[in-house]
Amino acid sequence: MRTYTAWSRARRDPLAYARRVLVNLRVDTWRRRRREVLVSPHELPDAPVVASRRAEDRDQLLRALALLTPRQRRIVVLRHLLDLSDTEVADDLGISPGTVRSTASRGLAVLRAAMTAGTDQRPPRVPHQPAPTPTPQTWTETPR
């Protein structure tokens, strides 16, 4: 419709003119939909959240996650960050749902201890979590 009403200008290249009309209409639609949402002063937080504090929290969480075993870390992430159920995590890892629940519980206990104690010190081990056993290494000489 707009190309037809402006035919005297669009006559040189009607396809390009129609394309420009469509682009302008689409941009107008985006502008109309994007509106500012004003918040009353009572709903604003008292103090602004400092970006450096969020970075510190993220760093502390990453350090705490590094304390977990790979299996615990994977289960905690799948259950709590990706919000998967016990059965979905169990199917993904090929273990029973009870193992998922117990491993997640132990991993969360380590995370809680690490987050409350700070990142400077290693949190105490959870009593139910077995300590890793070192594997014996044997050295053999290869014949020349």
Side-chain angles (χ1 to χ4, degrees), residues 1-139 142:
M1 180 82 161
R2 290 187 183 200
T3 306
Y4 177 74
T5 57
W7 188 250
S8 62
R9 288 180 299 214
R11 184 183 303 168
R12 283 179 282 154
D13 192 0
L15 185 62
Y17 193 90
R19 188 178 301 126
R20 176 75 343 219
V21 166
L22 290 173
V23 168
N24 289 343
L25 286 172
R26 186 64 184 155
V27 170
D28 289 346
T29 304
W30 291 336
R31 288 181 182 149
R32 255 183 274 132
R33 287 186 183 167
R34 187 182 56 157
R35 299 281 184 211
E36 290 184 30
V37 178
L38 299 178
V39 179
S40 71
H42 303 291
E43 295 177 18
L44 292 174
D46 294 333
V49 177
V50 180
S52 64
R53 180 65 189 152
R54 287 186 293 197
E56 291 171 7
D57 291 344
R58 177 185 164 93
D59 183 54
Q60 185 180 10
L61 178 62
L62 290 176
R63 289 176 189 263
L65 282 171
L67 297 174
L68 300 177
T69 64
R71 184 176 184 175
Q72 285 177 335
R73 191 177 318 119
R74 187 166 183 192
I75 288 174
V76 167
V77 168
L78 288 174
R79 283 202 60 215
H80 298 286
L81 292 179
L82 298 180
D83 203 27
L84 296 179
S85 69
D86 293 336
T87 54
E88 291 172 328
V89 175
D91 290 341
D92 184 45
L93 297 178
I95 55 178
S96 71
T99 304
V100 170
R101 285 190 294 275
S102 63
T103 305
S105 174
R106 292 182 191 125
L108 288 175
V110 170
L111 285 178
R112 278 188 205 102
M115 296 299 281
T116 57
T119 56
D120 296 336
Q121 57 186 358
R122 188 175 178 91
R125 292 189 70 81
V126 178
H128 299 292
Q129 185 178 7
T133 57
T135 57
Q137 294 181 350
T138 56
W139 297 93
T142 57

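Bear in mind that the values here come from a model prediction, so they are computed numbers and not experimental data.
Note that CZ of Arg101 is 10.5 Å distant from OG1 of Thr103, once rounded to the nearest 0.5 Å. Atom OH in Tyr17 sits 13.0 Å away from atom CZ in Arg11 (nearest 0.5 Å). Rounding to the nearest 0.5 Å places CZ of Arg106 at 13.0 Å from CG of Leu68. The distance from atom CD of Gln72 to atom CG of Leu67, rounded to the nearest 0.5 Å, is 10.0 Å. Rounding to the nearest 0.5 Å places OG1 of Thr3 at 11.5 Å from CZ of Arg19. The CZ atom of Arg63 sits 4.5 Å away from the CG atom of Asp59 when rounded to the nearest 0.5 Å.
Glu88 approaches Ser85 most closely through the heavy-atom pair OE1-N, 2.9 Å. Residue Ala104 comes nearest to Ile75 through the heavy atom pair CB-CG2, 3.8 Å, listed as atom of the first residue, atom of the second, then distance.
The backbone N or O of Met115 lies less than 3.5 Å from a partner atom in the side chain of Gln60, making a donor-acceptor pair. Using a distance-only test at 3.5 Å, with no hydrogens or angles considered, no donor-acceptor pair links the side chain of Arg79 to the main chain of Leu84. The backbone N or O of Ala113 lies less than 3.5 Å from a partner atom in the side chain of Thr116, making a donor-acceptor pair.
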* side-chain contact (heavy atoms from CB on, under 4.5 Å) between Leu61 and Asp57: does it pass, once the steps are laid out? -> CA-CA 6 Å; Leu61 178 62; Asp57 291 344; over 6 Å; no
* Could you give me the CA-CA distance, side-chain angles and deciding distance for Leu108 and Leu111, then say whether side-chain contact (heavy atoms from CB on, under 4.5 Å) is met? => CA-CA 5 Å; Leu108 288 175; Leu111 285 178; 4.2 Å; yes
Solution key, residues 89-97 side-chain donor-acceptor pairs under 3.5 Å, sequence neighbours excluded:
{"from": "Asp92", "atom 1": "OD2", "to": "Arg74", "atom 2": "NH2", "distance (Å)": "3.2"}
{"from": "Ser96", "atom 1": "OG", "to": "Thr99", "atom 2": "N", "distance (Å)": "3.3"}
{"from": "Ser96", "atom 1": "OG", "to": "Thr99", "atom 2": "OG1", "distance (Å)": "2.9"}

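The only member of Arg26, Arg2, Met1 that meets side-chain contact (heavy atoms from CB on, under 4.5 Å) when paired with Val21 is Arg2.
Contacts of Arg58 classified as side-chain contact (heavy atoms from CB on, under 4.5 Å), with partners at least two apart in sequence or in another chain: Leu62.
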